[in-house]
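Below is one structure, written out as C-alpha cells; comments come after it.
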Amino acid sequence: MDRTLFFILVLFYQFCFSQSSKTLSKIDSLKTDIEAVNFIRSCSQSKDDFLSEFRLKTIRSFEDDNLSPLIKRTADSLGVDKSFYKGDFDHNGKTDLLFIGDDNSCQSSRGSCSAVVKVIFDIDNKYMTRSLLLNHFDFVIPKLSTINGKDYISVFYDEVTEDFNSEKYNFYHKIVNKILTYKFDNFVEYNPEPQKYSIEKIFFETEPCFGTCPVFTLELSKNGTSQFIAKTYNFINRNDSFEKIERKSRKTFEKGEGKFTTQIKASDFQKIETILGYINFPELKDDYSVSWTDDQLSTLTITYDNGKIKKIKDYGLVGSYGLTTLYKTLFDLRFNQEWKKIKH
C-alpha cells in the first residue's frame, strides 16, 4: 500500500474515533436563541437559581446602565457577539452551554439591572449550572479558548483602581484577562504546572459584615486535632430574610454556636492541599479588596513546607477564582465533619 494513502487512512480513522468517542447530548442540538433559552429555563431547579424566566442577550444589547461602553467595545473587538456558545469545558466528553443574558436577579427603578454569564454542564446525565462572575457587580466577557485540543474560557473584565493621590474621585480602568478551567466543582484560574506543598496548618477566620455573614474561625491540622469556633450566623436558616432574622433575639441566631473539635477527614485535607497546589497560593497577593463597603473580611494563614507562612487578607472573599473555590471548601467543613462540641 502506498505510504501516503496509508497515513491518510490512519488520520481518517483517528478523526472518526475522536468524533465517535464524544457523547452527544441535548445541548448539541441547540441551534437558535429560542431553543437555547427554552433549554436554560428547563434547567431551573428552584426560584433561587433565577433561570425560569431567563432572557438571552448579547453584550452589545445591554443598556449602558448595566454594562459600560468599555465592556461593549472590548466585546466587539474580541468578536464576542453571540448570546450563547458551546464547548466541553470540564473535559468529560460532553458538550456544555455557556450563555449570556438577564436573569432578573437584580431590580431597580428602571427595571432589571442584572447581567450574568453562566455555564450549564452536562455531568453524569444531569445538568448543573455555574456562574462565571466572581461577584454580582463585576461583569466578565467570555471568549472560548483552546489549549492542547481542550476547551477553556478566557474572561476579560474591567479592573478599576482608585487614584488615592488625587483630590477628586479619579479611577483608572484597565481590561485584564484570565484563562479559566473547571476543577474542584468550580471555575479556577488555569494552571498548566500545579505545585505540590506540604500543608501543616491552616488558620481561617471571618469577620462580620452588614448582614448575616457567618462569623467563625477554623484551625486545621493535618495530623492532629482541628478546631471550629462558631461565633454567629453559622446555624441560621439561610432561607430567612435579613429582616426576619434581625427581628429574632440574639439568642436565636447564636443558637448552636460554640467551640468544636475533630480530626479532619484525610480525604478532605488532601483536597485542600490539592486546591492550594493548583492555585499556587504562595504566589498570590497578600491583600485583596473589593471596591464597595459593608462586606466580609477573611484572614487565611497557611503554614507549609517546614514552617513557611503565607497570610492572605481578603475583603469581599473574591480575591481570585481559586481563592473563592478554596473558601467554599473551608466554609463547607463546618458541616461535613464529625465535630464534637466542647462543653464549658
Side-chain angles (χ1 to χ4, degrees), residues 71 74 89-90 98 115-119 121 129-145 147 151-162 171-197 199 202-207 209 213-214 218 220 271-293 295-305 308-333:
I71 287 291
T74 303
F89 306 119
D90 58 352
L98 185 159
V116 301
V117 186
K118 296 184 178 183
V119 174
F121 291 97
T129 306
R130 290 290 181 270
S131 175
L132 273 170
L133 306 186
L134 268 178
N135 56 73
H136 292 293
F137 300 99
D138 297 324
F139 186 81
V140 300
I141 304 166
K143 183 174 176 61
L144 305 193
S145 300
I147 302 174
D151 296 329
Y152 295 86
I153 302 172
S154 294
V155 291
F156 297 77
Y157 57 96
D158 182 10
E159 184 177 78
V160 182
T161 56
E162 184 176 354
F171 296 90
Y172 298 105
H173 296 262
K174 181 176 69 172
I175 296 294
V176 296
N177 77 290
K178 296 180 176 181
I179 300 175
L180 302 183
T181 187
Y182 183 80
K183 292 181 73 70
F184 316 114
D185 197 31
N186 213 338
F187 286 106
V188 297
E189 288 84 355
Y190 169 64
N191 182 3
E193 298 180 351
Q195 304 297 307
K196 188 173 183 179
Y197 301 99
I199 308 300
I202 297 173
F203 174 85
F204 183 66
E205 181 179 37
T206 67
E207 297 186 13
C209 69
C213 303
L218 283 174
L220 309 179
K271 177 184 177 181
I272 293 172
E273 281 190 310
T274 304
I275 294 174
L276 288 170
Y278 192 86
I279 68 177
N280 201 9
F281 72 93
E283 300 301 317
L284 297 176
K285 296 193 297 185
D286 295 333
D287 291 279
Y288 293 91
S289 180
V290 295
S291 58
W292 52 87
T293 61
D295 215 314
Q296 187 171 35
L297 172 68
S298 70
T299 302
L300 173 67
T301 307
I302 303 168
T303 305
Y304 67 105
D305 291 357
K308 295 180 181 178
I309 295 177
K310 173 68 175 181
K311 187 174 184 178
I312 300 173
K313 285 186 172 292
D314 192 345
Y315 181 72
L317 279 72
V318 289
S320 72
Y321 284 88
L323 281 174
T324 302
T325 299
L326 175 65
Y327 297 152
K328 182 182 184 305
T329 304
L330 294 175
F331 270 66
D332 289 346
L333 287 179

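Atoms considered below: every heavy atom in the structure, side chains included; atoms not considered: hydrogens, waters and symmetry mates. Each residue takes its place number in the sequence, starting with 1.
- When all heavy atoms of Val117 and Pro142 are compared, the pair lying nearest together is CG1-CG, 3.7 Å.
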Could you please spell out the steps behind the side chain to side chain donor-acceptor pair (under 3.5 Å) verdict for Lys311 and Thr301? CA-CA 4 Å; Lys311 187 174 184 178; Thr301 307; 5.1 Å; no

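- In this structure Tyr157 satisfies the side-chain hydrogen bond (donor to acceptor under 3.5 Å, both in side chains) test with no other residue, sequence neighbours excluded.
- Under the 30°/60° scheme for interplanar angles, the aromatic rings of Phe204 and Tyr327 are found to lie parallel.
- Judged by the 6.0 Å and 45° rule, Lys183 forms a cation-pi pair with Tyr278.
- Taking both residues in full, the closest heavy atoms of Ile141 and Ile71 are given as CD1-O, 3.4 Å, listed atom of the first, atom of the second, then distance.
- Between Leu297 and Tyr315, the shortest heavy-atom distance links the atoms CD1-N, 3.7 Å.
- Evaluation of the salt bridge (Lys or Arg N to Asp or Glu O under 4.0 Å) rule for Asp286 yields Lys310 as partners, not counting sequence neighbours.
- Counting all heavy atoms, side chain and backbone alike, Phe184 lies closest to Val188 at CD1-CG1, 4.3 Å.
- Qualifying side-chain hydrogen bond (donor to acceptor under 3.5 Å, both in side chains) partners for Asn280, counting only residues two or more places apart in sequence or in other chains: Tyr197.
- In terms of heavy atoms, Tyr321 sits closest to Phe187 at CB-O, 3.4 Å.
- With a 4.5 Å cut-off on side-chain heavy atoms, Lys178 and Ser320 count as touching.
- Nearest heavy atoms, Leu317 versus Thr324: O-OG1, 3.6 Å.
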